[in-house]
There are 2 protein chains.
Amino acid sequence: MKISEIARMAGVSSAAVSRYINGGSISEEKKQRIKKVIEETGYVPNPTARSLRQQRTDGIGVIVPKFNSDSVSNLIEGVSTVLSKSGYLAIFGNAENDEKRELEYMRLMQETRFAGILLMGTVFTAKHIAFFRESKMPIVVCGQNHPSVTCVYHDDKGAAKEITRYMIEKGRRKLAYIGAIERDISVGINRREGVEEAMSEAQLDPSALVRAQVFFAVDDGYKGMNDILDGGYVPDGVICATDTLAVGAIKALQERGYKVPGDISVAGIGGGFAGTIITPALTTVKLFHRECGERGARLLLSMIEQQREKPDQKLPTTHTMFGYSLIERESV
Amino acid sequence: MKISEIARMAGVSSAAVSRYINGGSISEEKKQRIKKVIEETGYVPNPTARSLRQQRTDGIGVIVPKFNSDSVSNLIEGVSTVLSKSGYLAIFGNAENDEKRELEYMRLMQETRFAGILLMGTVFTAKHIAFFRESKMPIVVCGQNHPSVTCVYHDDKGAAKEITRYMIEKGRRKLAYIGAIERDISVGINRREGVEEAMSEAQLDPSALVRAQVFFAVDDGYKGMNDILDGGYVPDGVICATDTLAVGAIKALQERGYKVPGDISVAGIGGGFAGTIITPALTTVKLFHRECGERGARLLLSMIEQQREKPDQKLPTTHTMFGYSLIERESV
DNA sequence: GAATATTTTGTAATCGATTTCATTAACTAT
DNA sequence: ATAGTTAATGAAATCGATTACAAAATATTC
């Protein structure tokens, strides 16, 4: 079923049908006739033809570093609930934790003239920044913050500070920190700085903090904890950059016969699923991944609208920070 | 940059350029000229225009019931690694555990003339079956089995049988089963039947099995276990239809002061992440979600190829069953 | 070397919508 | 009543590729 067919059936030109659909001026009488035919036939305009003519698609690209992670899948869940109600189609790209693939996807999505890009960022290279600067596409980044692009992110430093403060309050003063790779600003650097700041404020010397720097898996937390202990340092409190790392750290401690939190407290950051099922239940700081995805998607949608109204104009960047919320459980 | 521009620069017609790209007959000399120009300009054909003319898109629809679940996100991971190497674009649709939305997506994807559909099925209604029967699109279902459509699924009954047999071997004879809603054939019915069969084969009366039927979340397993105990039945072994349910069941037991596995053994089915981090570590049967997604994607790709060669022909359905693998840990 | 088959080529049609443009019809204001 | 707006209309152009078709160039056969 195509538009010319509908036009024939309604006894009008295809231009009239197009105007009916897209809201051009048209007489009430024809409007009714066209409406009737469209309802009877269940006609839907061919999106490909429309895209070709209008020089844009109704696709929104969502680039994620991987799928099988708690925080990412909640973020996606949030994004997809918003987009599925919007008339746009979400196209997900799995960057496989590789910045180069991220860039490839961004370029592909720009070439394909997607309506916008939502990037769940990990590491920003100079090429990323250049892309943000040069591209006129609506782009939103979730989870990182950078002045060159619109971002929705968490107060990572604040969250880390909060959980550290809490641990110090609970009487732990000999701290260790298992952090993530520092090419990731949000998780790698900001959270560490939060820990250090909280220590300073409590008159503890942050340079005395023993740190391990690892990746993001349970095994990495496990290894990080063991490295610290093997180094001869036995803390009484361990902060981990993510809940997943904390799970690994607790496992390492328990294997060595330490009681958590009796001998050593452990805290995470994230508030994901894993922390709710381990023993002891993980004390952590909740971050709002799902909400972050929702907000990011909504923001992108409004940027796309804005651009529709004034094309060719570089969109201003905005920066939205989400807070956090301490979850007291059993591991501290 | 468009094809006519390339043609002008290479001093040929745009038909020649198109033939160069799509492999038509063309002289070696022009081939070189065109190649050079394309390389210099980095020209890529406009996919929208191509789709319009060829009456098909390079999109593959992937419909999932939700994103934030371990099994689903591994499946997606598998699917996306295969598709991202294929030249096709994966478009994910979140059906939000709603069969109606599943159908809506299927219809939308058919209208949009996607190259194929990969459905991570939950419940099949009569409308699903009708769609499978009538549609000429390449469709692959992951996780369920039905004769009317090509499926890649697990031996759910076998897996359930295996873990039950194992539990009986370990001396547990007073069993309970926490199962999932039975509108889901694979997880709801087949797994329960596997448990019952294993009991019969061990001369245990399956009708004596106490069952709870719940949804898929941790809390559902928790509730299911409590319901069984509140009914006055204290089993010595509990089989759960999924690992997630097992996590909830163990939590309920521990809260009531039972030792797992000392007093009561608990086993799951799935082999996901959750079972590796709880205490005691979950004894379970591994299912190959990631591999299932990979296989499903590859199969769909080959079906799409087949259809390219002989269009208008209904594709034959195939049925691929994956096995399982017992994981002995601590909960039995 | 003529007749025939095959390959190469460009022109123009095509996919299905939207949009420009020129024209006509219907109002408003004077 | 007339000039000047504004709204409604359909024919035709357009988006950027692929492809049917016919013509031209080349290769093959006898």
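Numbered from 1 within each chain, the chains take letters A, B, ... in sequence-line order.
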Out of dT9(D), dC15(D), dG10(D), whichever nucleotide has its closest atom nearest the side chain of Q55(A): dC15(D)

Proximity to the side chain of Q54(B) - top-ranked nucleotide from dA7(D), dT18(D), dT18(C): dT18(D)

E28(B) CD to dT8(C) P, straight-line distance once rounded to whole Å: 10 Å

N22(A) CG - dG16(C) P separation (whole Å): 17 Å

Min side-chain heavy-atom separation I60(A)-V79(A) under 4.5 Å: no

Pick base, sugar-phosphate or nothing for [X], based on heavy-atom distances below 4.0 Å to the nucleic acid.
{"X": "S18(A)", "value": "base"}
{"X": "S25(A)", "value": "base"}
{"X": "L52(B)", "value": "base"}
{"X": "Y20(B)", "value": "nothing"}

Under 4.0 Å protein heavy-atom contact, by nucleotide of nucleotides 20-26 of chain D - B base, S sugar-phosphate only: -------

Minimum-distance pair of heavy atoms, taken over all atoms of E102(A) and L119(A): CG-CD1, 3.8 Å

Reported CZ-to-CD distance for the pair R290(B) and E77(B), which is rounded to 0.5 angstrom: 5.0 Å

Interface with DNA chain D, restricted to residues 1-14 of chain B and to heavy atoms under 4.0 Å: K2(B), I3(B)

Residue pair T41(B) / E5(B), side-chain donor-acceptor N/O under 3.5 Å: no

